[in-house]
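The structure appears right after this line, and notes come after that.
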Protein chains: 2
Amino acid sequence: MDPHLLTTFVTVARHGSFSAAAAELGYTQSAISQQVAALEADLGLALLRRRPVEPTPAGRRLLEHAEPLLLRLRAARADVLRTAAEPRHLLRLAATPLAVNPVVAARLAEARARQPRLEIRLRMCRAERLAALVAEGRADLGLADGIAAPSDPLRLPDAGPMTTTGVTEEDLVVALPAGHPLAGRASLRLADLIDARWLRTPLCPPARLRDLVGEGFPAGLEYEGDDVRTALNLAAAGHGLTLLPASAVPAGGGGGGGVCAVPVAAPRLVHRVELLHAALPPGAAADLVAALSG
Amino acid sequence: MDPHLLTTFVTVARHGSFSAAAAELGYTQSAISQQVAALEADLGLALLRRRPVEPTPAGRRLLEHAEPLLLRLRAARADVLRTAAEPRHLLRLAATPLAVNPVVAARLAEARARQPRLEIRLRMCRAERLAALVAEGRADLGLADGIAAPSDPLRLPDAGPMTTTGVTEEDLVVALPAGHPLAGRASLRLADLIDARWLRTPLCPPARLRDLVGEGFPAGLEYEGDDVRTALNLAAAGHGLTLLPASAVPAGGGGGGGVCAVPVAAPRLVHRVELLHAALPPGAAADLVAALSG
DNA sequence: ACTTACGATAAGCAACGCTGATGGACCCGC
DNA sequence: GCGGGTCCATCAGCGTTGCTTATCGTAAGT
């Protein structure tokens with residue numbers, strides 16, 4: 001169970017090809033073959049069926065373990081190295097698209113006002129990658145957004161010992177086209193929308209949506225981008241509904257396109273932003289954490 | 001960050017000696033020295049201060065990561081091997097001392113009545129080791145007990161993907177000596193007992209106790225064993241109080257010794273038993289899980 | 001100051017793990 | 001049906017790694 005062999009194995013499984021994995025990892029095909037054989041010999045069972053190359057049941061099981069395991073390994077390495085790193089004046093921030101709401105942006109500004117030398121690089125990524133980025137030290141601080149019950153923590157992938165702090169919670173609204181039968185309502189229940197068509201977009205992860213409104217919502221339009229205005233335009237045009245934090249939808253029904261934001265009354269849900277970071281190394285980061293935590 | 005080197009490192013740190021670690025691992029002292037040097041070279045920083053041998057700050061950080069990392073590695077290995085293992089008629093059960101309460105014992109009996117060929121080996125261990133035992137496949141099922149808020153899960157060490165199910169919840173009582181001023185009460189609040197002397201015993205883990213009644217409880221008697229009657233006898237003799245599930249204290253004030261069980265009214269706490277298991281391999285285990293889950 | 005204990009270092013050697021070449025199985029087009 | 005191409009397995013060759021044995025340097029105890 002050498003991590004080296006494990007990496008090779010997941011790469012082979014991902015590509016479905018020994019040769020392709022060899023090319024990616026910079027080995028010869030022969031080496032890859034031997035490494036996989038070594039791993040199989042070590043465990044005493046076949047992990048891959050050949051031609052076509054696909055994991056056996058045992059292999060599939062191992063794949064489930066391997067990815068988080070390798071992540072934790074990289075995270076541990078990064079964490080140890082962090083203890084020896086000198087303080088940086090550059091803070092690398094990673095955030096999911098909806099995490100930088102007005103409150104967060106304002107608090108960031110306050111922190112920068114207090115520390116003029118502080119430089120910030122903000123990078124966007126999906127929620128699944130965020131924890132990994134922070135754990136591996138490729139970002140110093142992470143801002144994740146998601147939908148949860150009030151004062152419940154978000155369910156982020158576990159990538160080792162990390163601190164998470166709630167930053168903001170705000171109302172969750174459904175973005176409806178102006179002409180929608182429910183558009184005028186003061187609030188609505190998700191249960192009223194079981195049959196509705198939903199936008200599939202990373203702004204509101206389909207997996208979470210499925211948890212909330214049930215399995216069989218009809219396939220609508222899929223938007224793979226991050227832009228809220230695009231999503232709102234799509235919603236306004238009737239391509240599907242979407243859940244957003246109240247602050248993301250312009251007030252007053254929105255000028256041209258016309259979407260209407262109706263708060264979700266039941267189940268009781270909020271849009272939550274959380275700050276996550278590993279052991280705080282430098283002084284500047286600690287101050288920023290304090291500022292963001294409010 | 002080879003796990004091999006990691007193992008060596010934690011062994012050296014545990015023994016505080018290269019030679020002792022070499023003896024335990026079956027290497028020469030020279031090999032150990034080279035392995036530690038290799039790990040330090042890989043990370044580019046010193047992990048151990050020599051003579052006396054003790055971890056540097058970075059080394060301490062790595063130690064925190066290494067143990068759970070190695071555990072997960074063993075767990076992954078065990079889990080993969082389990083997929084290929086043939087069903088056993090012997091089920092290895094691991095439990096913390098207070099986990100096998102009357103309800104659990106009864107449900108175990110029901111399951112055995114349904115499956116006469118089922119053989120069970122029950123082994124006791126501390127809560128900290130339980131998750132590791134199950135994850136590594138050295139036990140098929142684990143029964144953990146602990147104190148939690150009603151319907152809150154226990155906080156068990158994370159050892160990879162495992163299923164945990166609540167089994168029972170029952171009232172939590174304080175075992176008081178019969179002559180104690182609060183002994184007659186129908187219920188009490190933990191806050192009333194901040195100044196009390198508590199037994200330190202694995203039956204009620206001191207760490208948890210500290211969370212509940214605060215830091216500075218005076219050092220009383222420490223009982224390292226598992227036996228409830230011994231603990232009750234100690235409590236009756238005034239060596240200190242202890243928290244137990246109601247079913248562990250004989251009703252009616254207890255004949256000879258005389259302990260009095262007073263339920264804890266605030267904070268709202270229960271004694272909870274949880275069942276934990278990895279991917280369910282054989283048919284017999286699945287049935288037992290169903291039986292225990294009630 | 002001598003002794004002892006312990007970790008670091010050097011030299012030697014076996015084993016591991018890579019490359020490059022070759023072989024066998026399967027797929028595809030003709 | 002046949003030949004070429006693709007892909008993985010296997011083999012031989014070889015450099016590197018990582019162990020052992022032996023020796024040295026050094027700190028602590030007497």
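Just so it is clear, the structure is predicted and the values come from calculations on it, not from any experiment. Sequence lines set the chain letters: A, B, ... in the order given, protein chains first and strands last, and positions in each chain run from 1.
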(message) I'd like to know if the side chain of A/R121 and the backbone of A/E119 have a donor-acceptor N/O pair within less than 3.5 Å.
(response) no
(request) With sequence neighbours left out, write down each residue that passes ring-ring contact (aromatic ring centres under 6.0 Å, His included) with A/H15, or none if nothing qualifies. (result) none
(message) Please enumerate all residues that pass ring-ring contact (aromatic ring centres under 6.0 Å, His included) together with B/H89, with sequence neighbours excluded.
(response) none
Return the value, rounded to whole Å, for the distance between atom [atom1] of [X] and atom [atom2] of [N].
X: A/H4; N: C/dC16; atom1: NE2; atom2: C1'; answer: 13 Å
X: A/D2; N: C/dG17; atom1: CG; atom2: P; answer: 8 Å
X: B/R49; N: C/dA8; atom1: CZ; atom2: P; answer: 14 Å
X: B/E54; N: C/dC6; atom1: CD; atom2: P; answer: 16 Å
X: A/I32; N: C/dG17; atom1: CD1; atom2: P; answer: 13 Å

Pair up each side-chain donor or acceptor in residues 32-39 of chain A with any protein partner under 3.5 Å, not counting sequence neighbours, and list the distances.
| unit_1 | atom_1 | unit_2 | atom_2 | d |
| --- | --- | --- | --- | --- |
| A/Q34 | NE2 | A/S30 | OG | 3.0 |
| A/Q35 | OE1 | A/T8 | OG1 | 2.4 |

(request) Apply side chain to side chain contact (heavy atoms under 4.5 Å, CB included) to A/P68 and list each qualifying residue two or more places apart in sequence or on a separate chain. (result) B/R72
(request) Would you tell me if any nitrogen or oxygen in the side chain of B/T28 comes within less than 4.0 Å of OP1 or OP2 on D/dT20? (result) yes
(message) Using the salt bridge (Lys or Arg N to Asp or Glu O under 4.0 Å) criterion, which residues pair with A/E54? Sequence neighbours excluded.
(response) none
(request) For nucleotides 4-17 of chain D, just jot down a letter per nucleotide in 5' to 3' order: B, S or -, based on protein non-hydrogen atoms under 4.0 Å. (result) ---BBBBB------
